[in-house]
Engineer: 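First the structure, which I've put down as structure tokens, then a few questions once you've had a look.
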Amino acid sequence: TDLRPRADHAQVPAPARAGDGALVLPDGSIEGFVGGRCARGSVREAALAAIRDRSSVLLRVVPEDGGAFPDTPGARVVVNPCLSGGALEIFLRPRLPDPVVAVVGDSPIAAALAELGPPLGFVVDRDGEPSGATAVVVAVHGGDEAGAVRAALDAGVGYVGLVASPRRAASVLGPLGLTEQERERVSSPAGLDIGAAGAPEIALSILAELVQAVRREGLPVPLGNARRGADQASGADVPSVGAGRSAVSRCATCASSRA
């Protein structure tokens, strides 16, 4: 996971020029050049927030007087306190690993999860390996459900969905002796209550619950998972950007400048 900022627009006397770029890592370190010390601090802060929030940001670093730099609705604006002045417009786009959903079982619901998950941005692992997964869904229907739940919790998975009726869920979870914190990580019956009927709708309700957990509730998405391609896990080169074009990248978080 990383972020490659690139200056989209630079106004003299700012030291950066349109097309200058850098790599921002999750630890806040910056490799490359997108401006002087003052601009780097603003880029670092905004980049880390973009990685954390999994959202794109257009950062505008402007002098105190504002100057004649064109207004950009929706941009995050910070004041450049350095004496050199100048202004920069930097696009930050996170490119983070997609959440991995490990599915245990070969039931119709498991198959539906594998079909519906990828269009929603989930990597579905049919091997059910909990290590590095954002979520584990146990859809065994009569297999070793308790063992799968225990393995997922021991692996630190933040969401463990058990596809079962409330009565059967109680019989599966009761003997495990879960702590209060562990029980909070288990969702059973798994999925939002949308009146789902049939495997595809039940799978949809589970994925909807996962979207809500990731987007609104802060369910952590492990970074650098080895089950992804190298480009997704660690970022890839950003293509060069010509005047008047915005950057398109394949990195964790990208910042680009427009000429």
Side-chain angles (χ1 to χ4, degrees), residues 1 26 51-54 94-166 168-194 196 199 202-229 232-234 252:
T1 298
I51 292 174
R52 182 188 66 244
D53 298 338
R54 303 177 69 86
R95 180 70 180 188
L96 302 169
D98 293 327
V100 172
V101 180
V103 179
V104 181
D106 57 1
S107 65
I109 294 174
L113 285 167
E115 181 178 355
L116 297 177
L120 296 175
F122 294 101
V123 176
V124 179
D125 179 2
R126 291 299 302 272
D127 293 334
E129 170 56 48
S131 177
T134 298
V136 171
V137 178
V138 181
V140 178
H141 294 313
D144 186 12
E145 295 166 301
V149 170
R150 182 76 266 170
L153 291 172
D154 290 345
V157 176
Y159 172 99
V160 182
L162 175 60
V163 180
S165 66
R168 189 159 64 83
S171 68
V172 171
L173 300 177
L176 291 177
L178 303 181
T179 66
E180 182 179 348
Q181 291 76 15
E182 288 177 328
R183 186 61 183 88
E184 289 176 352
R185 290 155 55 198
V186 178
S187 175
S188 188
L192 298 179
D193 184 4
I194 60 173
I202 293 173
L204 175 63
S205 74
I206 294 171
L207 292 169
E209 186 174 40
L210 285 173
V211 169
Q212 175 177 274
V214 171
R215 301 295 186 198
R216 289 187 173 179
E217 299 171 2
L219 178 66
V221 178
L223 304 179
N225 192 300
R227 282 178 282 172
R228 293 183 177 74
Q232 270 200 331
S234 58

Engineer: Sorted by first residue and then second, give each salt bridge (charged side-chain N to carboxylate O under 4.0 Å, His left out) pair with at least one member in residues 134-146; sequence neighbours left out.
Structural biologist: E145-R168
Engineer: Would you say the side chain of P166 lies within less than 4.5 Å of the side chain of P189, judging by non-hydrogen atoms?
Structural biologist: yes
Engineer: Ignoring hydrogens, what is the shortest heavy-atom contact between L178 and V186? Give both atom names and the distance.
Structural biologist: CD1-CG2, 4.3 Å
Engineer: Using the test side chain to side chain contact (heavy atoms under 4.5 Å, CB included), find all partners of E217 that sit at least two apart in sequence or belong to another chain.
Structural biologist: Q212, A213
Engineer: Which residues satisfy the salt bridge (charged side-chain N to carboxylate O under 4.0 Å, His left out) test with R185, sequence neighbours excluded?
Structural biologist: none
Engineer: Count the heavy atoms of every other residue, nucleotide or ligand shown that sit under 6.0 Å from CG of D193, and state whether that count exceeds 12.
Structural biologist: no
Engineer: Can you see which heavy atom on A169 is nearest to which on A164, and at what distance?
Structural biologist: N-CB, 4.0 Å
Engineer: Output side-chain donor-acceptor pairs under 3.5 Å for residues 202-210, partner residues at least two apart or in another chain, one line each.
Structural biologist:
residue	atom	partner	partner atom	Å
S205	OG	I202	O	2.7
E209	OE1	Y159	OH	2.6
E209	OE1	S187	OG	3.1
E209	OE1	G191	N	2.7
E209	OE2	S187	OG	3.1

Engineer: Under 3.5 Å, side-chain donor or acceptor atoms of residues 100-118 against the rest of the protein: list the pairs with distances, not counting sequence neighbours.
Structural biologist:
residue	atom	partner	partner atom	Å
S107	OG	A110	N	3.3
S107	OG	A139	O	3.0

Engineer: Pairs in or reaching into residues 170-182: which pass salt bridge (charged side-chain N to carboxylate O under 4.0 Å, His left out), with residues at least two apart or in two chains?
Structural biologist: R150-E182
Engineer: Can you name the nearest heavy-atom pair linking P99 to G121, along with the distance?
Structural biologist: CD-O, 3.4 Å
Engineer: Please find the pair of heavy atoms, one from P222 and one from T134, that lie closest to each other, and give the distance.
Structural biologist: CD-OG1, 3.4 Å
Engineer: Within a reach of under 6.0 Å around CZ of R215, are more than 12 heavy atoms found that belong to other residues, nucleotides or ligands?
Structural biologist: no
